[in-house]
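Here the structure is a predicted model, which is why all the values come from computation and not from measurement.
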Amino acid sequence: MRKMKNKTTMLLAGGLAVVLILFAAAAIYFGMIVKDRSGSQLPEETEKPVMVEQGGQEKPQETQGLDAVEVDLVNATVYRFDELDFQFAIAKIRVKAEEPINISLEHFATSEGVKLNDIDSYLDQLDKNGLYIGKQNVWFELVSKENSYVANIFVPIKDKTAQSTTINVDFGDNAPIQLNLKEATGTREMLGYVAEDVITDGKTYQMQVGVAFQIASEEMYRTFDDGSVETAGLPSTAEVYVFRLDAVSLWGDELVVEDAVYQVEGSGNTFQALSSNFHSEKYDNILGKTIKEKDSGVLFFITYNPEKEPITYQGKLKLKIKGQENWIEITVSL
């Protein structure tokens with residue numbers, strides 16, 4: 001009798017162990033499903049732009065064999081803001097060719113008839129509202145020395161209530177690219193430049209602005225048109241702050257930062273960058289410099305602090321690029 005009890009107990013214990021194992025496996029399985037589902041509902045992160053190592057490169061020739069080029073959609077993020085009279089998507093597309101890629105976006109048009117190379121009016125509205133799609137690594141030309149390329153492109157949609165749109169590609173056997181616009185997961189924070197971000201027009205240049213730092217016990221100089229140099233003679237109450245700026249002309253186009261100001265948040269105070277003929281013992285002034293490859297320098301700002309108290313300004317550094325109407329804003333402390 002005792003043996004039967006032991007056997008029954010062992011069977012019950014074994015059965016309970018199997019049930020527990022099955023329950024644990026089911027919990028892990030369903031947990032993975034929940035995790036996958038919750039993750040799929042979140043906006044996918046766009047790879048951040050990375051400064052190229054070499055500027056002034058030779059641009060690949062315009063792609064000739066367009067009929068052999070394949071284009072498909074990887075994913076897309078939709079943005080919808082009250083201050084804009086349109087919505088837009090940043091679509092990540094994959095391009096495969098049999099040669100290096102140089103394809104104009106004139107070959108891409110939305111179902112509303114918007115050609116994706118003719119979108120300046122939309123970009124102007126974005127710039128005026130401090131929204132910079134360059135932060136999301138958006139490009140306005142498909143250019144790569146490789147024959148396989150993934151690019152983020154800007155797709156404006158006139159109808160803010162539209163639930164879907166289509167991008168038609170006029171070469172090869174490429175099917176229209178379908179975009180689902182039902183959920184706008186893009187945020188304003190995803191489109192605002194801060195220090196250390198790579199700034200780009202998505203076509204010709206990249207720049208990167210570092211955090212501000214003060215230079216102390218260092219003489220400032222001024223160079224005149226005749227080549228003569230003299231000390232700047234700054235008063236003892238002056239403090240000199242600089243922003244380091246790295247800049248790259250991707251394909252040899254002229255890049256010039258022709259003006260820079262710093263606006264203090266909430267006070268209306270504005271500091272003007274020192275003109276291009278100012279420099280210091282250690283740092284070169286990059287303002288007004290023509291860049292056709294890659295260069296680095298600083299922007300100089302003077303503040304006055306008679307009391308010599310610690311001061312930190314919250315605000316925006318604004319840059320004016322030659323040939324562009326709107327200023328670029330970078331949120332950064334001084």
Let me have the donor-acceptor pairs involving side chains of residues 127-134, under 3.5 Å, with sequence neighbours excluded, atom names and distances please.
| unit_1 | atom_1 | unit_2 | atom_2 | d |
| --- | --- | --- | --- | --- |
| Lys128 | NZ | Asp124 | OD2 | 3.2 |
| Asn129 | ND2 | Gln125 | O | 2.8 |
| Tyr132 | OH | Trp327 | O | 3.3 |
| Tyr132 | OH | Glu329 | N | 3.0 |

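The side chain to side chain donor-acceptor pair (under 3.5 Å) with His107 is formed by just one residue from the set Asn168, Asn117, Asn174, Asp170; it is Asp170.
Contact of the Pro60 side chain with the Val143 side chain is registered, since non-hydrogen atoms from C-beta on lie closer than 4.5 Å. Residues Asn285 and Val298 fail the side-chain proximity criterion, which asks for heavy atoms closer than 4.5 Å. Taking the side chain as every heavy atom from C-beta outward, Lys292 and Glu254 approach each other to under 4.5 Å.
In terms of modelled atom types and a separation under 3.5 Å, the side chain of Tyr241 and the main chain of Thr303 share no donor-acceptor contact. With Lys135 contributing its side chain and Gly192 its backbone, the two residues share a donor-acceptor pair below 3.5 Å. Checked by atom type and distance alone, the side chain of Asp72 never pairs as donor or acceptor with a backbone atom of Ile93 at under 3.5 Å. For the pair Lys322 (side chain) and Gly288 (backbone), a donor-acceptor distance under 3.5 Å is absent. Remark: side-chain polar atoms of Ser104 are paired, donor with acceptor, to backbone N or O of Glu106 under 3.5 angstrom. Proximity of a side-chain donor or acceptor of Gln87 to a complementary backbone N or O of Lys160 within less than 3.5 Å is detected.
Residues Leu66 and Phe171 come closest through the heavy atom pair O-CD1, 3.3 Å. Residue Ala247 comes nearest to Met51 through the heavy atom pair N-CE, 4.4 Å, listed as atom of the first residue, atom of the second, then distance. The two atoms that bring Met220 and Phe278 nearest to each other are CE-CB, 4.4 Å, heavy atoms only. The heavy-atom pair separating Glu218 from Ser280 by the smallest distance is OE2-OG, 2.7 Å. Taking all atoms of both residues into account, the shortest heavy-atom contact from Ser111 to Thr165 is OG-OG1, 3.2 Å. Here the closest heavy-atom approach between residue Val248 and residue Gly55 is recorded as CG1-CA, 3.6 Å.
The aromatic rings of Phe86 and Phe154 sit perpendicular, their planes meeting at an angle over 60°, well past the 30° parallel limit. Ring planes of Phe88 and Tyr79: parallel class, angle under 30° (limits at 30 and 60°).
Lys59 NZ to Asn102 CG: the interatomic distance, rounded to the nearest 0.5 Å, is 5.5 Å. Rounded to the nearest 0.5 Å, atoms CG (Leu319) and CD1 (Ile199) are 6.0 Å apart. Going from atom OH of Tyr262 over to atom CG of Leu334 covers 5.0 Å, rounded to the nearest 0.5 Å.
Screening residues 187-196 for side-chain hydrogen bond (donor to acceptor under 3.5 Å, both in side chains), with sequence neighbours left out, gives Glu83-Arg188.
For an aromatic pair to be called close, the ring centres must be under 6.0 Å apart, and Phe271 with Tyr313 satisfies this.
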What do the steps show when you test Phe243 against Phe213 for ring-ring contact (aromatic ring centres under 6.0 Å, His included), and what is the final call? CA-CA 7 Å; Phe243 290 97; Phe213 59 92; 8.8 Å; no
